[in-house]
Amino acid sequence: MPDFWRTCGYRLLAHGDDGRLHLTDAFLRSYLTGPELAPVADSCDAELRLHEALTAEPGRSVDATELDAVVDADARENYRIWLRFRDRLIAADSLEAAYVGLFRGEGVDAPPPFVAQLTEIILRHILGDKADPLAARAAEMLFRTQKIAVTDEGAVMAADEEIVERYAEGGAFGSLGELLSRNRTPLRTVDLDVLDVENGAVYWERDERHDLSVSLNRGRAALTALARVMEDWIAHFLAVKVSIATAREIDDTQWAWHVGLDAQASGILNDHYNRQPVDDARMKRLVCLYRLDFDDPADMRPAIAGRPVWLAMAMDERNRLRLKPQNLLMNLPLARLQ
């Protein structure tokens, strides 16, 4: 199996004996070559000096006078944002600790692309070098927004939103763009663009093109693969074992706990739990329901030990699915968090 997600920065990090990822100068230096921080033709002398100094020593302290001397306001702000993020990474014991730290406190202070990159890198670490292609494609759903389409045949398809919009804007819809943007193409005409068990190997040729759709119908391989990825995500961060499986409905008269995997699903589950009405339009946005069970009930809060945790994901009014994997880390009923 070839290496995958090569541009995310995973290979620039150090791998500790603790199974965690650790910061390196090479990783920090990679940000300085990106479009937000790389100098341009009209960069001022102060910006050039700052960039050169950080390239030589990415972890060096930068005082206010150095930043204030950068003439271009956008460049100055980009440096402020990145330095705040960099300092978070430096202060944390591992990349995983830095990631969790982003979601504690009053709010996330890192730009969404930085958060998405950390998610991708950690997932790449969790998937390992013997990853299943369906698992890798399913994992993309945790850091890249998906566009959802429901065909006349009842197929629920997910494709990368950025790619769908690129096809639409360029007028080059093709079968995948047609399906996801116009919602008129039967599933059988887009078989070459749908990743499944039979053609899984094609993923390794297209892993960073993000142009393979997957079926999210219950019983299909992608939803099962996503469940396995979420189990591994929880085990890696929280050191607890859980089992996740798709469910048709919440058939639990003692419904005790739920976690929305995105903002839309959180709202729907909260309203149902509190016996508030949920109209048909919102219900139709539900893409999948999962049941999560702790392998060891002792890992749960004693009051609800042994009860299932219900998970759901839902698209918004623009058919976008924006999963928040941090919800699985911050919102489970763990005994040790009491």
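The residues R166 and E162 are annotated as salt-bridged, a charged nitrogen and a carboxylate oxygen being separated by less than 4.0 angstrom. Ionic pairing of E231 and R228 is present here: one or more N-O contacts between side-chain nitrogen and carboxylate oxygen are shorter than 4.0 angstrom. Using a 4.0 Å cut-off between charged nitrogen and carboxylate oxygen, D252 and R291 do not count as a salt-bridge pair. Ion pairing of R285 with D279 is absent here, as no side-chain N (NZ or NE/NH1/NH2) approaches a carboxylate O to less than 4.0 Å. At a threshold of 4.0 Å, the pair D211-R144 does not count as salt-bridged, since none of the basic side-chain nitrogens sits closer than that to a carboxylate oxygen.
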Start with the C-alpha gap between Y10 and L21, add the side-chain angles, then the distance that decides, and say whether side-chain contact (heavy atoms from CB on, under 4.5 Å) holds.
-> CA-CA 9 Å; Y10 169 66; L21 295 169; 3.9 Å; yes
Please lay out, stage by stage, how F294 and V309 fare under the test side-chain contact (heavy atoms from CB on, under 4.5 Å).
-> CA-CA 9 Å; F294 282 76; V309 175; 4.2 Å; yes
After noting the C-alpha distance and the side-chain angles of L83 and L67, does the key distance pass the side-chain contact (heavy atoms from CB on, under 4.5 Å) rule?
-> CA-CA 10 Å; L83 287 167; L67 274 181; 4.1 Å; yes
Starting from the C-alpha separation in whole Å, work towards a yes-or-no answer on side-chain contact (heavy atoms from CB on, under 4.5 Å) for M230 and L261.
-> CA-CA 11 Å; M230 292 191 293; L261 297 174; 3.9 Å; yes
After noting the C-alpha distance and the side-chain angles of D196 and R220, does the key distance pass the salt bridge (charged side-chain N to carboxylate O under 4.0 Å, His left out) rule?
-> CA-CA 8 Å; D196 214 326; R220 298 301 294 268; 2.4 Å; yes
Steps toward salt bridge (charged side-chain N to carboxylate O under 4.0 Å, His left out) verdict (R20, D93) = CA-CA 9 Å; R20 295 294 194 252; D93 292 336; over 6 Å; no
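Atom-to-atom distance recorded for L223:CG and N217:CG is 8.0 Å, nearest 0.5 angstrom. For the atom pair L334 CG and N331 CG, the distance stands at 10.0 Å (nearest 0.5 Å). Note: T55 OG1 to L50 CG = 9.0 Å, rounded to the nearest 0.5 Å. Here the CG-CG distance, from L328 to L142, works out to 8.0 Å after rounding to the nearest 0.5 Å. For the atom pair CG of L323 and CE of M313, the computed distance is 6.0 Å after rounding to the nearest 0.5 Å. In this structure, OG in S213 is found 9.5 Å from CD in Q146, a value given to the nearest 0.5 Å.
If you run ring pair (Phe, Tyr, Trp, His ring centres under 6.0 Å) between W5 and each of Y203, W204, F143, only F143 comes through. Here the options are R88, R104, R80, the test is salt bridge (Lys or Arg N to Asp or Glu O under 4.0 Å), and the partner is D109; only R88 passes.
H22 has its ring centre no less than 6.0 Å from the ring centre of F27.
Ring geometry for H236 against H125 counts as perpendicular: the plane angle is over 60°, on a 0 to 90° scale with 30° as the lower cut. Between W233 and Y99, the ring-plane angle classifies as perpendicular under the 30° and 60° cut-offs.
The closest donor-acceptor contact from the side chain of T24 to the backbone of L12 lies under 3.5 Å. Distance alone, capped at 3.5 Å, places no donor-acceptor pair between the R206 side chain and the H210 backbone. In this structure, the side chain of R124 engages the main chain of F4 through a donor-acceptor pair within 3.5 Å. Of the possible polar contacts, none joining the R301 side chain to the P333 backbone as a donor-acceptor pair under 3.5 Å is found. Using a distance-only test at 3.5 Å, with no hydrogens or angles considered, no donor-acceptor pair links the side chain of S43 to the main chain of E47. The backbone N or O of V214 sits nowhere less than 3.5 Å from a side-chain atom of R137 that would complete a donor-acceptor pair. The closest donor-acceptor contact from the side chain of R86 to the backbone of P58 lies under 3.5 Å. Side chain of E161 to backbone of R320: no donor-acceptor contact under 3.5 angstrom is found. With hydrogens and angles ignored, the 3.5 Å screen pairs a side-chain donor or acceptor of D132 with a backbone N or O of L134.
The two residues A335 and M300 make their nearest non-hydrogen contact at CB-O, 3.1 Å. Heavy atoms only, all atoms of each residue included: R76 and V71 are closest at NH1-O, 3.2 Å. Smallest separation of non-hydrogen atoms from A69 and A46: O-CB, 3.3 Å. Taking every heavy atom of both residues into account, L32 and H51 meet most closely at O-NE2, 2.8 Å. Taking all atoms of both residues into account, the shortest heavy-atom contact from P297 to G306 is CB-N, 3.8 Å. A pairwise comparison of heavy atoms in L89 and A98 identifies CD2-CB, 3.7 Å as the closest pair.
Between P308 and D293, some side-chain heavy-atom pair lies under the 4.5 Å cut-off. No side-chain heavy atom of C288 sits less than 4.5 Å from a side-chain heavy atom of R218. Contact annotation: the side chain of L238 never approaches that of D299 to less than 4.5 Å [non-hydrogen atoms, C-beta and beyond]. Counting heavy atoms from C-beta on, the side chains of I148 and M157 never come closer than 4.5 Å. Side-chain contact check for W82 versus L54: some heavy-atom pair is nearer than 4.5 Å. The side-chain heavy atoms of D63 and E66, taken from C-beta on, include a pair separated by under 4.5 Å. The closest side-chain heavy-atom distance from T246 to T224 is not below 4.5 Å. Residues L216 and M141 are in side-chain contact: their nearest non-hydrogen atoms beyond the backbone lie under 4.5 Å apart.
Note on V229 and V197: separate hydrophobic clusters, where clusters join Ile, Leu, Val, Met, Phe, Trp and Tyr whose side-chain heavy atoms are under 4.5 Å apart, directly or indirectly. L289 is not connected to L292 by any chain of hydrophobic side-chain contacts under 4.5 Å among Ile, Leu, Val, Met, Phe, Trp and Tyr, and they are in different clusters. Put simply, Y273 and W257 are part of two different groups of oily side chains (I, L, V, M, F, W, Y) that touch within less than 4.5 Å, one to the next. Hydrophobic cluster membership is shared by V259 and M330, with clusters built from Ile, Leu, Val, Met, Phe, Trp and Tyr side chains linked at under 4.5 angstrom. Grouping the Ile, Leu, Val, Met, Phe, Trp and Tyr side chains by contacts below 4.5 angstrom, directly or via other members, places L286 apart from I244.
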Side chains of residues 264-271: which donor-acceptor partners sit under 3.5 Å, not counting sequence neighbours?
{"from": "S266", "atom 1": "OG", "to": "D262", "atom 2": "O", "distance (Å)": "3.0"}
{"from": "N270", "atom 1": "OD1", "to": "H258", "atom 2": "NE2", "distance (Å)": "2.7"}
{"from": "N270", "atom 1": "ND2", "to": "S266", "atom 2": "O", "distance (Å)": "3.1"}
{"from": "D271", "atom 1": "OD2", "to": "R282", "atom 2": "NH1", "distance (Å)": "2.8"}
{"from": "D271", "atom 1": "OD2", "to": "R282", "atom 2": "NH2", "distance (Å)": "3.2"}

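Donor-acceptor pairing under 3.5 Å is recorded for the side chains of S243 and D295.
Counting non-hydrogen atoms of neighbouring residues, nucleotides and ligands closer than 6.0 angstrom, the CZ atom of R60 exceeds 12 such neighbours. Heavy atoms from other residues, nucleotides or ligands lying under 6.0 Å from CD of E52 number 12 at most.
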